[in-house]
Amino acid sequence: KKQLKYGAQYKGKREDAAMQKWRSNRFGQFIHWGLYAIPGGEWKGKTYPYAAEFLKSSAHISNATWDSLSYKFNPVKFDPKAWAKMAKNMGVKYMTITTKHHEGFSLWPSKYSEFNVANTPYKKDIIGALVKAYNSEGIDVNFYYSVLDWHHPDWRYDIQSKEDSIAFSRYLNFAQNQLRELAENYPTVKGFWFDGTWDKSIKKNGWWTLKIEKMLKEIRPGVVVNSRLRADDFGSRHFDSNGDMMGDYESGYERRLPSPTDTQVIHRDWEACMTIPENQWGYHKKWDISYTKTPFELIEMLAQTTSLGGNFLLNFGPQADGMIRTEEQQIAETIGNWMKINHPAIYNGGYAKGWQRQDWGYFTQNEKDKKLYAIVFNIPISGILKIQTPEGVSIGKASLLENTNSKITIKEIAKRQINLYLPKQSFPAPFVIVLDTANENKNNYIDAKT
Ligand SMILES: C[C@@H]1N[C@@H](C(=O)NCc2ccccc2)[C@H](O)[C@@H]1O
């Protein structure tokens with residue numbers, strides 16, 4: 001074990017109320033909004049297939065040209081209450097908003113940079129309006145903040161000279177001031193989601209990343225900080241040089257999930273963030289420039305994430321005029337209809353210890369009602385759902401969550417082997433079975449002697 005000054009500050013999961021709330025939320029809405037929504041992946045008549053929020057780099061646009069987009073930022077149709085209502089109906093319990101993305105444009109009237117929403121035709125504080133509207137719907141708000149900043153003259157990708165280190169220490173002070181401002185001016189903020197921390201300049205300044213985490217927790221006790229912020233004494237990120245996770249939850253699952261049987265993730269808190277298109281976080285004019293995930297695919301990702309004790313953060317990229325595009329509205333509505341019935345399997349849901357994952361879907365254990373849920377995506381041809389019960393546990397009753405009068409026949413077919421027989425009906429959507437389990441040690445079966 002190495003002696004580290006800037007490594008993990010604690011081991012195991014935080015069990016304080018703020019972290020338990022973060023964990024119980026399970027389903028969140030990511031929002032990527034900034035100047036990049038104006039060109040929407042197109043520049044000088046050319047469509048760029050890369051992520052719309054990278055257009056500045058993909059189309060090799062100068063800072064001056066890109067920054068002048070701020071004079072066009074005027075989302076006249078922006079209605080934070082409507083966004084919050086859509087999110088509430090979709091069933092998210094938290095939202096994470098880009099306060100400043102790699103482009104360096106701040107969506108709040110920052111004292112530390114002129115490059116912000118106050119100096120646009122729109123003028124008003126977007127972050128403040130979103131925090132107010134989402135909190136009014138009972139949705140927690142977290143702030144995404146990109147340390148990588150293409151606009152700021154003192155940003156450096158690496159430190160290779162005295163001049164670099166002088167400039168970069170100015171940049172680190174600037175970023176610290178902005179983060180303090182965010183934590184102080186928006187007291188209901190519940191978490192900070194750091195991005196843009198992969199460059200050598202940050203790896204060489206691990207001390208700063210710990211200082212930031214400590215500052216935010218000092219200003220906002222209970223606030224939750226992702227592992228992506230942190231670099232240790234040797235530049236190790238997310239996990240320190242001793243292999244211990246830094247920050248409060250692991251945030252390395254971006255546009256990917258752990259495999260459903262990768263149970264090493266259950267030992268820590270973690271979150272997967274996901275785009276609906278293959279790789280677009282900001283608004284791209286061409287929705288179908290890549291594959292876009294269907295609602296049922298997204299619901300399965302939410303179920304798979306919950307079954308492994310993680311949070312699922314689904315991304316939306318609002319238009320420059322402030323509207324959420326219709327494709328995203330429709331997906332939000334379909335997911336919301338599903339969540340209205342099936343949320344007990346998700347909220348407060350987590351890993352069901354001892355219940356082997358089956359091909360037909362996922363188990364989640366609700367830590368509040370202590371019930372076991374089976375979320376079914378693939379009905380076997382046989383119509384029989386096979387379950388392997390943990391040692392000493394039997395299933396007393398099983399019924400459809402959406403119709404608890406529907407009896408599901410249970411048959412114990414061998415030691416710790418159960419068959420569930422589904423009612424004869426169509427299942428047009430993923431569905432949930434509630435399982436009442438009981439501790440029981442009767443043992444009617446003999447293993448073969450071989
Ligand atoms: C959460 C996502 N992380 C950002 C991302 O992939 N940045 C990688 C990147 C690397 C190099 C140049 C531009 C962008 C995306 O823009 C999203 O914000």
Side-chain angles (χ1 to χ4, degrees), residues 28-41 43 48-63 66-67 69 92 94-107 126-127 130 141-152 155-158 175 178-179 182 191-203 209 224-231 237-238 247 249-257 270-285 289-290 292-293 298 301 305 310-318 320 328:
Q29 178 191 32
F30 214 162
I31 297 176
H32 275 72
W33 204 27
L35 301 181
Y36 41 77
I38 298 168
W43 196 258
Y48 290 78
Y50 315 105
E53 73 282 0
F54 302 167
L55 183 68
K56 182 177 181 292
S57 38
S58 355
H60 310 296
I61 299 165
S62 72
N63 271 24
W66 187 266
D67 293 358
L69 286 169
V92 296
Y94 70 104
M95 182 273 275
T96 301
I97 175 70
T98 49
T99 59
K100 184 194 81 165
H101 201 258
H102 307 337
E103 64 182 3
F105 177 72
S106 299
L107 286 183
I126 284 172
I127 296 300
L130 284 170
V141 174
N142 303 320
F143 290 157
Y144 164 110
Y145 184 87
S146 175
V147 179
L148 164 62
D149 188 318
W150 296 331
H151 168 86
H152 199 287
W155 165 261
R156 292 291 182 279
Y157 288 97
D158 193 3
Q178 283 207 313
L179 288 160
L182 284 168
F192 281 82
W193 205 105
F194 287 92
D195 200 13
T197 49
W198 42 77
D199 290 301
K200 285 189 188 135
S201 53
I202 296 295
K203 289 181 183 174
T209 68
V224 177
V225 177
N226 67 336
S227 61
R228 195 176 297 201
L229 164 64
R230 298 282 301 285
R237 295 182 58 240
H238 293 276
Y249 65 96
E250 209 273 312
S251 59
Y253 290 104
E254 180 169 318
R255 295 192 297 119
R256 67 186 177 101
L257 298 182
W270 62 281
E271 179 195 71
C273 58
M274 192 58 66
T275 49
I276 299 176
E278 191 276 325
N279 184 13
Q280 296 290 341
W281 298 88
Y283 174 79
H284 196 291
K285 282 177 181 159
I289 196 162
S290 69
T292 54
K293 301 168 189 78
L298 297 166
M301 290 180 172
T305 302
N311 281 12
F312 187 67
L313 185 61
L314 181 59
N315 185 70
F316 287 70
E328 291 182 348

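We count ligands from 1, going down the list as the structure has it; atoms in each ligand are counted the same way. Here the structure is a predicted model, which means the values were calculated and not measured.
Within 4.0 Å of ligand 1, the residues that place a heavy atom are H32, E53, F54, H101, H102, Y144, W150, W193, D195, W198, E254, W281, listed by chain and number.
A side chain to side chain contact (heavy atoms under 4.5 Å, CB included) with V141 is found for exactly one of L130, I97, I31, namely I97.
Shown here for K293 and E278, the closest heavy-atom pair between the two residues is NZ-CA, 4.3 Å.
With sequence neighbours excluded, no residue forms a side-chain hydrogen bond (donor to acceptor under 3.5 Å, both in side chains) with W33. Not counting sequence neighbours, the partners of D67 by the side-chain hydrogen bond (donor to acceptor under 3.5 Å, both in side chains) test are H151. Applying the side chain to side chain contact (heavy atoms under 4.5 Å, CB included) test to A59 and every residue at least two apart in sequence or in another chain returns W43, Y48, L55, I61.
Using cut-offs of 30° and 60° for the angle between ring planes, the W281 and H32 rings count as tilted.
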